[in-house]
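Worksheet: one structure, shown below.
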Amino acid sequence: MENNEVTVVSLPRIGEKAPSFEAVTTQGNIKFPGDYAGSWVILFSHPADFTPVCTSEFMTFASMEEQFANVNCKLVGLSVDGLYSHIAWLRTIKEKIEYKGMKDVEVKFPLIEDITMEVAKKYGMIQPGESNTKAVRAVFIIDPKGIVRTIIYYPLSLGRNFDELYRAVVALQTADEFSVATPADWRPGDDVIVPTAGSCGVAKQRMESKEEMTCYDWFFCTKKLSKEDVLSKIVKK
Ligand code: BEZ
C-alpha cells in the first residue's frame with residue numbers, strides 16, 4: 001500500500017446497534033447479538049491461534065470468565081482461523097500450557113471461526129495497515145440492548161489488560177445505574193462525576209439540595225458513591 005493511500009474499513013460506532021451475524025463457534029452456532037439479549041457481552045478478536053500473545057490473553061480471559069459472569073457479562077472470541085484449529089489450540093492450552101500460575105485452563109466461552117472474514121470485516125477488525133490476513137486485537141463492549149458502548153483496538157504485538165476491560169464493564173454499568181460519569185482511573189469506591197447542570201434551574205436546585213458534592217469549578221463536580229453501593233447493584237455474587 002502506498003503511504004498516502006487510505007483504506008476504508010467499516011466500523012461499528014459507539015451508541016449504535018451491534019452489527020448482527022450468525023456464526024459457527026467452539027460452543028455451537030450463535031446469532032449475535034440476539035442470543036445475548038439481556039446480558040452485557042464482550043466480543044473480541046485475536047490475530048491467530050497457536051501464537052504466544054493470544055495464548056496468554058486467552059488463558060487470562062478464561063481465568064476471569066466467572067468474574068465477568070458475576071457482572072452479567074459474557075465473552076465471545078473471534079479469529080479468522082477455522083473451527084478445527086480453534087479446537088486444537090484450546091485443547092493444547094488446557095492440556096499443555098502452564099503460564100503465570102494458570103494451568104488446566106478451559107476456555108468455555110465461544111470462539112467464532114471466521115475464515116471468510118465476514119464478521120471481522122463487519123466489525124473493522126481487519127486493518128490492512130497492520131495485517132491483511134489477521135484480525136487486530138479488537139474489543140467491543142455491548143450492552144444488554146445490543147448497543148455498542150465501548151470500542152478498543154490494539155495492534156498485533158500488544159496484549160490486552162483484562163483488568164481494564166473488567167473495570168470498563170463495571171464503570172459502564174455504574175454510569176447507567178447511578179446516572180453519573182466516572183473519572184480517570186475510577187474504581188468502585190472512588191468519587192463519581194455528577195453530570196454538569198444543563199440549566200440554571202437545575203444548577204440552583206443542586207446548590208440547594210442536601211446532596212454533598214465537591215465542586216472544582218462549575219462544570220466539574222463529584223460526589224461520593226460507596227464501593228458497597230456499587231457492588232450491591234452490579235455484582236451478582
Ligand atoms: C501473538 O499472539 O503472539 C501474535 C500474533 C500475531 C502477530 C504477532 C503476535
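All ligand and atom numbering here is 1-based and tracks the order in the structure. In this chain, residues are counted from 1 in sequence order.
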Please confirm whether Ser157 comes under 4.0 Å of ligand 1, counting heavy atoms of the residue only. no
Ring geometry between Phe44 and Phe58 (parallel below 30°, tilted from 30 to 60°, perpendicular above 60°): tilted
For atom 6 (C) of ligand 1, what's the nearest protein heavy-atom neighbour? Residue, atom name and distance, please. Pro47 CB, 3.7 Å
For atom 9 (C) of ligand 1, what is the nearest protein heavy atom, given as residue, atom name and distance? Leu156 O, 3.9 Å
What I want to know is whether Pro52 and ligand 1 share at least one N or O pair that is separated by under 3.5 angstrom. yes
Are any side-chain N or O atoms of Asn70 and backbone N or O atoms of Lys236, one a donor and one an acceptor, separated by less than 3.5 Å? no
Among Thr55, Thr51, Thr133, which residue places a heavy atom closest to atom 5 (C) of ligand 1? Thr51
Which residue supplies the protein heavy atom nearest to atom 4 (C) of ligand 1, what is that atom called, and how far is it? Arg137 NH2, 3.6 Å
Among Leu231, Leu172, Ile234, side chain to side chain contact (heavy atoms under 4.5 Å, CB included) partner for Val71: Ile234
Atoms in ligand 1 flagged as close to Cys54, the criterion being non-hydrogen separation under 4.0 Å: 1 (C), 2 (O)
Can any side-chain N or O of Lys17 pair as donor or acceptor with the backbone N or O of Lys145 at less than 3.5 Å? yes
Using modelled atom types only, decide if a donor and an acceptor are shared between the side chain of Ser39 and the backbone of Val41 within a distance under 3.5 Å. no
Atom CZ of residue position Phe50 - does it have more than 12 heavy atoms of other residues, nucleotides or ligands inside 6.0 Å? yes
Which residue and heavy atom of the protein sit nearest atom 3 (O) of ligand 1, plus the separation: Val53 N, 2.7 Å
